[in-house]
Amino acid sequence: MAKRLYVVLLIPVLVALSLGAFRVKRSIDTVRDAEDAVRVAQLVQTANKYASDVINERDVSVVPLLTGKRSDSAITKARAITDQDREDFDRAVANMPRSTRLLKRVAAVRTGEKALTELRADAFTAKLPGVQTEENYHLIQHPLMELSNELGFGSSNQASFGRTLYALSLTQAAESLTRAIGQRVLVQDRDDLADGELAVQLATFRSYAYLQQVALQEFAGAGTGADVDRLGRAMDTAQKKGESLAAEAAQEAEDAGTPFVAPPPLEKMIERIASGATAKKLAAEGITPESFFTASTLAFDAYRRVEVQLSDTALAKAEEISDGARRDAIVNSAVVVAAVVLAFLLAMWVARSMTGSMRRLRGAALDIAQTQLPALVDKLSQPRPHPVDTRVAPIPIDTRDEIGEVARAFDQVHREAVQLAAEQALLRGNVSAIFTSLSRRSEALVEGQLHLLTDLEKNEADPDQLENLFRLDHLATRMRRNGENLLVLAGEEPRHRWDQPMPLIDTVRAAASEVEQYERVQISGIPDTLVHGRAATDLVHLLAELLENATTFSSPRSPVRVTAAQLPDGRAMVEIHDEGVGLTPQDFAELNRKLADPPTVDAAISRRMGLFVVGRLAERHGIRVQLRPARAESGAIALVMLPYTTLADEGAPAAYGTL
């Protein structure tokens, strides 16, 4: 019933979840597109700087290269800036969206870059005359400039930034080419030019000057009024700076007593250079390579500042749109999640209001069956159980319906199970008391027998009779150990303990002396390690049981070897090797499990009492005992790991208890 009710209530929740997931997916797709637009804007920003510095490298290199100063610091500095821009551009390319259009444009940039090293080596030489040098630099700059056309996401205003940036980059490129060609016309020796070469240069110069005006008109048409005003202010600032520099140069010339001709405006300079006048005549009018480069550079820098502002604005707009899309995605996701959670909680409340009592009953029943009852049984199963409260708390369901009646019935079953566990614990306690009583009585008889045998051995001179007495003495010792096994089964501590540390070798020898076939035990390699007195008696008992097992289940003609080692961490390891019939891996696993966690005393213990006693004694002192197969085809190895708490240093103080 509860499952069918949940299915009915879950259907509208799943429908709401599907619709919400569709809306969230759309928001995430929008965020992804906006983030791609941000990475494109970052790429365009890096590409514009790269393009400006590439053509600036060409322009500042004109005069030094034409005058033979190929190692000029200005060239080195400009090329270093360009190389750094190239690295920045590479990083931006690695982070850009992998669209087909962008990849195609970047491939065009890479095609131009391949010739950069050769271009720098041959610039303005016979291998690469001036016009070719300028055009080859343009092969790098122009693809970079065209990346501005990829801007656009979220609004028509954002998309127009690409057109505006491209127009301004074209203006800057035309200004740069005008600057480069103008310097070359003013610096080079016209007598060295071929016929018609000067005319070609001047025609190219005029065409780029005209292209600059066309690009400015395109910028005015594509850009906003604020963009045009920004460029106008930048050009006014450049003009004022040029006038200031001219005034400073005039003052310096006056102070030096040298003649000075103020340069005309940049437009006039371009007009006069394009006329084909000689350098000498142009210098008389104040038009020199230095004055023309300075004036053109001021305009170039003005275009570049506005270009940087536009690219920064485009990036800021893209980031703003991306942030907005991200906020919308978060809000949409939060609304969808909240709606789904609310619907789910409402469905759960309705369902739980109808099935609450049944759930509480099921939870209480599972808690009793899986936690409370096993824990109580475990406490009552201890060899010496502590007082346990056997009262049963009723299941907290007070209704008078069928569920309440089932709860009361389960409470009754719980009480019966607890009462049965308590009766079994009492029975085990009585059995342990019987074991203890039998052990104490047999122990007294065996001790008397041992004293009597000792007296007989002292007064016996016949070797044969003395050997028989020794056998009886050994048999009585084994009988005493069997009595001590009953004490271990009952959970009792040994009545006699050593109060001084015992050497480990003496512990092993004492254990071997209690074994029926003690003459087969070979002891070797035992370190000078002392065992605490509180653990010595139990350790002798533990080792004796293991040695008894090794001698019993191996050939009477094979030895049982006992070795030991002191470990670096302070522990000691005792190993018992036998050549018995061997066990299967399943047998080893089962025996080791019982050694690590000794089971409760039952009828099965009688078949492997020694194994149970070893596990109990090891658990008492934190000793780890493990059985492993020998390397040979048969046999087993018993490993006894003695923790440092059972060991004592040489000259250690006396342990608790007395002998």
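Atom set for the values below is all heavy atoms of this structure, side chains included, hydrogens, waters and symmetry mates excluded.
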**Request:** Assess whether side-chain contact (heavy atoms from CB on, under 4.5 Å) is satisfied between His541 and Val613, documenting all intermediate values.
**Result:** CA-CA 9 Å; His541 193 170; Val613 169; 3.9 Å; yes
Would you mind reporting whether [Y] and [X] have side-chain heavy atoms less than 4.5 Å apart?
X	Y	value
Leu567	Met641	yes
His577	Val560	no
Arg620	Asp538	yes
Pro643	Ile623	yes
Thr551	Tyr518	no
Val640	Leu543	yes
Leu542	His621	no
Arg509	Ile523	yes

**Request:** Please say whether more than 12 non-hydrogen atoms of neighbouring residues, nucleotides or ligands are located less than 6.0 Å from CZ in Arg98.
**Result:** yes
Using modelled atom types and a 3.5 Å cut-off, is there a donor and acceptor pairing between side-chain atoms of [X] and backbone atoms of [Y]?
X	Y	answer
His532	Thr646	no
Thr552	Glu548	yes
Glu87	Arg91	no

Which residues satisfy the side-chain hydrogen bond (donor to acceptor under 3.5 Å, both in side chains) test with [X], sequence neighbours excluded?
X	result
Arg520	Gln517, Ser554, Ser558
Glu619	none
Asn95	none
Arg624	none

**Asked** Between the side chains of Asn549 and Glu545, does any donor sit under 3.5 Å from an acceptor?
**Response** no
**Asked** Have Asp587 and Thr584 got a donor and an acceptor in their side chains that come within less than 3.5 Å?
**Response**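 Side-chain D/A pair, Asp587 to Thr584: present.
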**Item:** Residue pair Thr529 / Leu647: nearest heavy atoms and the distance that separates them
**Value:**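 Scanning both residues, the minimum pair turns out to be CG2-CD2, 3.8 Å.
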**Message:** Using the rule given for salt bridge (Lys or Arg N to Asp or Glu O under 4.0 Å), can you reason through Arg32 versus Glu35, listing the C-alpha separation, both sets of side-chain angles and the distance that settles it, and then say yes or no?
**Reply:** CA-CA 5 Å; Arg32 186 179 298 110; Glu35 290 177 347; over 6 Å; no
Going from [atom1] on [X] to [atom2] on [Y], what distance comes out if it is rounded to the nearest 0.5 angstrom?
X	Y	atom1	atom2	result
Asp88	Leu43	CG	CG	11.5 Å
Met96	Gln42	CE	CD	13.0 Å
Leu591	Phe588	CG	CZ	8.0 Å
Leu539	Leu504	CG	CG	7.0 Å

**Fill in**
For residues 575-585, the salt bridge (Lys or Arg N to Asp or Glu O under 4.0 Å) pairs (sequence neighbours left out) are Arg561-Glu579
**Request:** Would you please test Leu546 and Val625 for side-chain contact (heavy atoms from CB on, under 4.5 Å) and show each step?
**Result:** CA-CA 10 Å; Leu546 292 175; Val625 180; 4.3 Å; yes
**Asked** With sequence neighbours left out, what residues match Arg628 under salt bridge (charged side-chain N to carboxylate O under 4.0 Å, His left out)?
**Response** none
**Prompt:** Testing Leu639, Asn592, Ile576, Ile637 for side-chain contact (heavy atoms from CB on, under 4.5 Å) with Leu627, which one passes?
**Reply:**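 Exactly one option meets the side-chain contact (heavy atoms from CB on, under 4.5 Å) with Leu627, and it is Asn592.
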